[in-house]
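Only a predicted model underlies this, so the values are computations on that prediction, with no experimental measurement involved.
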Amino acid sequence: MNKTHEALRILGEKILNNTRTQLYLSMHFLGPALGSLSYTMDVSTFSVGTDAAFIRYNPNWLREIYIERPRALSRAYMHMLMHCLFRHMFAYKDYADKDLYNLCCDIAAESVIDSFAMDYAAIDDIITDFRASVYDRLEKEVGVLTAQRLYQYFRSRKRDPVYEMQLAREFVRDDHSFWARLQDDDRNAPQENAQPQGAGSGNGEKQTTLENKDRKPEDRGGRGGALHRVREEEWVKNAKKLRAQLLIGKKAGKETGSLLRTLTLQDRKRTDYREFLRRFRVLREEAAVDMDSFDYGFYNYGMQLYGNMPLIEENEYRISRKIEELAIVIDTSQSCQDTLVQEFLNETASILFTGETFFRKVNIHIIECDDQVQNDVVITDTRQMEEYAKHFTVKGGFGTDFRPAFQYVEQLRRTHVLKSLRGLLYFTDGFGIYPKKKPDYDTAFVFWKDEELDDTKVPSWALKLYI
């Protein structure tokens, strides 16, 4: 390593250490998160970026920005920290339009920082009129500005490339190219001059790191690799610690409210809806050719008639474990958004249509309820669900009381309309009156993960499902 390279590395780490110290002195509650990012010089970038383990910086850019606009560097540091706390880089692979997802992540990060920046001189900055107008519009139409919500919002509308370029100029602060590298085994290992956690003293000593060639493929990151998972789990822990501090400390007020809301949304684990439905399956004969079995009567008849020539005839039925009966309650109160109900119905219809989870002939009651039962749609054929989802309209729109739906289901059971009910799914935002008595079938309150909701009052006997 030549002297110039070493001098640039030492200078870069001193700058970043000083920036981190200023942020810590101003915002103690960010201490554990700030200590989770180490530094490494990386001339493949023109500015700065993070891969959730290292802040990778171009030394020339770092020196210039620190001299000319030190507060901008503090903002960039906080911006990257928000990406890590919200685990933006780990969801990168799940989005088809990478450029749009990158932009949405930047808007989400900046919106949270701006929500409390005025209380901390280290990151306080002028909010331009354009930025303020963007926040005003998006908060009205999207709500909490998470990357996932923003991505869905822009994808569902006619795209405006010029407007998106303006947004990029306003909100982009870092290089996201390192996010793609998280999926690349060959480029994921730390560089030789990378510092361990808490490093950056500038003493010039060579650090000991694990060379990429010495790692097993599954330990070098990549899609679902061990290193990838370890990094994500570390930031999950950091986010939970920060959320706990904000909830119990003095910082849980208005100044960090947006950060707390976003962390709360991010902390919810999405459930595999299709996998969850498996718990309601029953064993039953199903009319279908079973290529793995045959009629023993024909087999024996052939052996008796021909001596050594069995007759093979596949059975025209098979034993399957699928869902036959189910109650689905839709919260049609004013607080539950129509678009979310539509998404839930579309998801359910797609599962029904495949025929892998449900029998072809079913007994599914879709009950629409606000503070009273408004409608009961009976689905007996999987294709009917698709038609129902297409033409769904809200009936009701008043307050929320979950009890009438459970009372109605009990009535259906007493009259043997529902004969072998295994479970009830209640799609809601959680704002309502819950029943106190546990029914003798499984109950799950289903929430849309990225929405504001109240799941704190769900009874202990019920499950919480985030999709």
Side-chain angles (χ1 to χ4, degrees), residues 9-45 47-59 61-62 65-66 70-92 105-106 108-110 112-113 120 122-123 173-182 187-202 207-210 221 227-243 245 259 262-263 266:
R9 183 186 68 79
I10 293 173
L11 178 61
E13 289 171 2
K14 283 184 177 179
I15 291 172
L16 288 171
N17 268 326
N18 184 62
T19 303
R20 178 169 61 186
T21 300
Q22 294 300 317
L23 291 172
Y24 176 73
L25 291 174
S26 183
M27 294 169 280
H28 290 293
F29 59 94
L30 288 175
L34 286 168
S36 295
L37 285 173
S38 302
Y39 316 129
T40 184
M41 189 168 68
D42 193 328
V43 294
S44 69
T45 179
S47 56
V48 66
T50 183
D51 58 6
F54 297 88
I55 289 180
R56 296 179 176 272
Y57 62 91
N58 182 301
W61 178 89
L62 195 65
I65 200 76
Y66 183 69
R71 188 172 297 175
L73 180 57
S74 296
R75 285 283 298 218
Y77 203 124
M78 276 292 293
H79 183 98
M80 290 182 286
L81 198 64
M82 293 299 108
H83 284 322
C84 294
L85 286 169
F86 303 148
R87 281 99 73 192
H88 288 158
M89 59 282 297
F90 301 110
Y92 179 81
C105 290
D106 287 324
E110 286 295 296
V112 170
I113 297 171
Y120 304 100
I123 56 172
R173 286 188 181 270
D174 62 333
D175 182 358
H176 295 181
S177 65
F178 304 110
W179 298 5
R181 297 186 194 183
L182 280 171
R187 303 169 71 181
N188 199 31
Q191 294 183 357
E192 189 177 32
N193 65 336
Q195 299 288 332
Q197 182 173 326
S201 61
Q207 305 297 325
T208 302
T209 60
L210 185 62
L227 181 59
H228 180 116
R229 291 194 301 273
V230 168
R231 289 185 186 181
E232 184 171 10
E233 288 168 3
E234 181 179 0
W235 284 106
V236 167
K237 292 177 182 176
N238 282 331
K240 287 182 177 179
K241 289 178 183 176
L242 177 56
R243 182 169 176 263
Q245 285 183 314
L259 174 58
T262 307
L263 287 172
Q266 195 70 34

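- Using modelled atom types, one side-chain atom of Trp235 and one backbone atom of Ala52 make a donor-acceptor pair closer than 3.5 Å.
- Side chain of Asp175 to backbone of Gly49: no donor-acceptor contact under 3.5 angstrom is found.
- Here the side chains of Lys240 and Val236 are in contact, with some heavy-atom distance below 4.5 Å.
- In this structure, Tyr66 and Asn18 have side chains that are in contact, with non-hydrogen atoms separated by less than 4.5 Å.
- When all heavy atoms of Arg71 and Ala122 are compared, the pair lying nearest together is CG-O, 3.5 Å.
- Taking the six-membered ring where tryptophan is involved, the planes of Tyr24 and His28 are perpendicular, since the angle between them exceeds 60° and thus also 30°.
- No side-chain heavy atom of Tyr77 sits under 4.5 Å from any side-chain heavy atom of Ile123.
- Distance check: Arg20 CZ to Ile15 CD1 gives 14.0 Å after rounding to the nearest 0.5 Å.
- Note that the CD atom of Glu13 and the OH atom of Tyr39 stand 8.5 Å from one another [nearest 0.5 Å].
- A donor-acceptor pair is defined here as one N or O able to donate and one able to accept, closer than 3.5 Å; such a pair exists between the side chain of Thr21 and the backbone of Asn17.
- Here Leu73 contributes atom CG and Ile65 contributes atom CD1; the two are 7.0 Å apart, rounded to the nearest 0.5 Å.
- Taking the six-membered ring wherever Trp is involved, the centroid distance between the rings of His176 and His88 does not fall below 6.0 Å.
- Atom OG of Ser47 sits about 7.5 Å away from atom CG of Asn58, to the nearest 0.5 Å.
- Taking every heavy atom of both residues into account, Val43 and Pro59 meet most closely at CG1-CD, 4.3 Å.
- Atom CZ of residue Arg87 and atom CG of residue Asn238 lie 9.5 Å apart, to the nearest 0.5 angstrom.
- Between Asp51 and Trp179 there is no side-chain heavy-atom pair separated by less than 4.5 Å.
- Looking at heavy atoms from C-beta onward, Met41 lies out of side-chain contact with Arg56 at the 4.5 angstrom threshold.
- Residues Ser74 and Leu23 are in side-chain contact: their nearest non-hydrogen atoms beyond the backbone lie under 4.5 Å apart.
- With a 4.5 Å cut-off on side-chain heavy atoms, Leu81 and Leu30 count as touching.
- Residues passing the side chain to side chain contact (heavy atoms under 4.5 Å, CB included) test with Thr50, sequence neighbours excluded: Leu37, Met80, Cys84, Met89.
- Between Asp42 and Val48, every side-chain heavy-atom pair lies at or beyond the 4.5 Å cut-off.
- With Tyr57 contributing its side chain and Arg9 its backbone, the two residues share a donor-acceptor pair below 3.5 Å.
- Nearest approach of Ser44 to Phe178, heavy atoms of both residues: OG-CE2, 4.0 Å.
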Could you walk me through whether Ile113 and His79 pass side-chain contact (heavy atoms from CB on, under 4.5 Å), step by step?
-> CA-CA 7 Å; Ile113 297 171; His79 183 98; 4.2 Å; yes
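- His83 and Ala109 make their closest contact through CE1-CB, 4.0 Å (heavy atoms, listed as atom of the first residue, atom of the second, distance).
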